[in-house]
Amino acid sequence: MPELPEVETVVRGLRLVLPGRRITGVRLSAKTDFIDDPASLERELPGTRVTGIERFGKFMVIGLEREGGLEREGRGKDDGEIALLMHLGMTGQIVVTPAEAPVPPHTHMFLALDDGRELRYTDIRRFGRIRILLDGEREALIGRLGLDPLEMSEGDFRETITSRSAQIKALLMDQRVLRGMGNIYTDESLWRAKIHPRRLGTKLSEREVKALYKAIHGVLTEAIRSRGSSVSDYVDSDGQRGEFQLRHRVYQREGKKCFRCGGVIRRAIVAGRSSFFCPKCQRAPRSKRKD
DNA sequence: CTTACGGCCTGGGTGC
DNA sequence: TGCACCCAGGCCGTAA
């Protein structure tokens, strides 16, 4: 479910309610195989106060400070700052709700807050990730990620893309190249830029790269404005669905008419993922198979 | 280093 | 109704 616009929407929702709140308790379900070191959550989180929430691609980082941060001895560098890293995977949901509200199935983490509410993490498939970040680990994480698609310059984008020989679809979804793009927004951006998903990064023309840069920026900002795409089960931190799925031009439109040229949208596996495109206005590269 | 691919996990939809 | 099969917005580890 969640790509950059969905995660941004969740983060904005959390920023309205979490900063200043204190975590008073932690409860985990029996299935914590997707959590790195579950015991560290129970050890580190209680008693901390939320300082802010940041997003890096599809990762959320909740900043936390420990009250009277000097209490822990023998840790010279410890200034009381830690962070909670969360990734929603395919089916993760974060909701802040009254503690007495009914608990949906597959809810695996409950953070009790000092205002009587709970931050809950629900994830059917458990492809998400949760872990504590200590000093330096946050920089290490960011260092492994590529450019932020909304902050990169056109020059940086061109340099990054045209120096790679992989298929453009794979490049856009590779979090070490760009951070935040997933299957939906990649297909939508490629359609806008009239570029076939199987084209190779090195073979894109100057004007195609420029069109793609603009397409990505447009798709992502519009999707954020619509509070993300709810294709199946995405909801924001208030449990609300997004609306950008109403504006999809190719995603899940196999067999329907292209909004631009009237061609028939096709579906094919590219870079291991289901990919939607218009074979008429997104010309396939030669060689390989044609479509 | 880069690129390609299978696997992880559960549920919903489809076709027989 | 039951059941096998395919599909799903993510990432990671492995192999070439």
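Excluded from the calculations below are hydrogen atoms, water molecules and symmetry mates; all remaining heavy atoms, backbone and side chain alike, are included. Please read all numbers here as calculations on a predicted model, not as lab measurements.
We find that CZ of A:R273 is positioned 17 Å from P of B:dC8, with the value rounded to whole Å. Taking atom NE2 on A:H106 and atom P on B:dC9, their separation rounds to 14 Å, with Å as the unit. Taking atom CD1 of A:I269 as the reference point, atom P of B:dT3 lies 20 Å away to the nearest angstrom. In this structure, the CD atom of A:Q252 is 12 Å from the C1' atom of B:dG12, given to the nearest Å. As a whole-Å value, the separation of A:H87 NE2 from B:dC8 C1' is 15 Å. Atoms CZ (A:R176) and P (C:dC11) sit 11 Å apart, rounded to a whole Å. One interatomic measurement links the two molecules: CZ of A:F276 to C1' of C:dC7, which rounds to 10 Å at whole-angstrom precision. Rounded to whole Å, atom P of C:dC11 lies 9 Å from atom CE of A:M90.
The one candidate from A:T9, A:V95, A:L14 that meets the side-chain contact (heavy atoms from CB on, under 4.5 Å) condition with A:S237 is A:L14.
Closest to the side chain of A:Y251, from the set B:dC9, C:dC11, C:dA8, is C:dA8. The listed nucleotides are B:dC9, C:dC12, C:dA8; the one nearest the side chain of A:D33 is B:dC9. With B:dT10, B:dT2, C:dG10 as the choices, the nucleotide that has an atom nearest any side-chain atom of A:N183 turns out to be C:dG10. Residue A:K58 places its side chain closer to C:dG10 than to any other of C:dA8, C:dG10, B:dT3. Side-chain atoms of A:Q175 lie closest to C:dC11 of the nucleotides B:dT10, C:dA8, C:dC11.
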For ring-ring contact (aromatic ring centres under 6.0 Å, His included), just list the numbers for A:F34 and A:H108, CA-CA rounded to whole Å, side-chain angles, deciding distance to a tenth of an Å, and then say yes or no.
CA-CA 10 Å; A:F34 69 102; A:H108 298 299; 5.6 Å; yes
Verify side chain to side chain donor-acceptor pair (under 3.5 Å) between A:Y234 and A:E3, making sure each step is shown before the conclusion.
CA-CA 10 Å; A:Y234 164 72; A:E3 305 181 29; over 6 Å; no
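Within 6.0 Å of CZ in A:R176 there are 12 or fewer heavy atoms belonging to other residues, nucleotides or ligands. More than 12 heavy-atom neighbours from other residues, nucleotides or ligands sit within 6.0 angstrom of CD on A:E139.
The side chain of A:T91 contributes no N or O atom lying less than 4.0 Å from OP1 or OP2 of B:dT10. Between A:R126 and B:dC8 there is no side-chain N or O to OP1 or OP2 distance below 4.0 Å. In terms of phosphate contacts, A:R129 brings a side-chain nitrogen or oxygen within less than 4.0 Å of OP1 or OP2 of C:dC12. An OP1 or OP2 oxygen of B:dT10 is reached within less than 4.0 angstrom by a side-chain nitrogen or oxygen of A:K31. Considering only side-chain N and O atoms, A:R125 lies nowhere under 4.0 angstrom from the phosphate OP1 or OP2 of C:dA8.
Between A:D187 and A:R249 there is no salt bridge, since none of the side-chain N atoms of the basic residue sits less than 4.0 Å from a carboxylate O of the acidic one.
A:G182 comes within 4.0 angstrom of sugar-phosphate atoms only, judged by non-hydrogen atoms across all strands, and of no base.
The ring of A:F127 does not lie on top of the base of C:dC11; it is either too far (5.5 Å or more) or too tilted (30° or more).
Straight-line distance between the P atoms of C:dT14 and B:dC9: roughly 16 Å, to the nearest whole Å.
In this structure B:dC9 sits in no base pair that meets the Watson-Crick or G-U test at under 3.5 Å.
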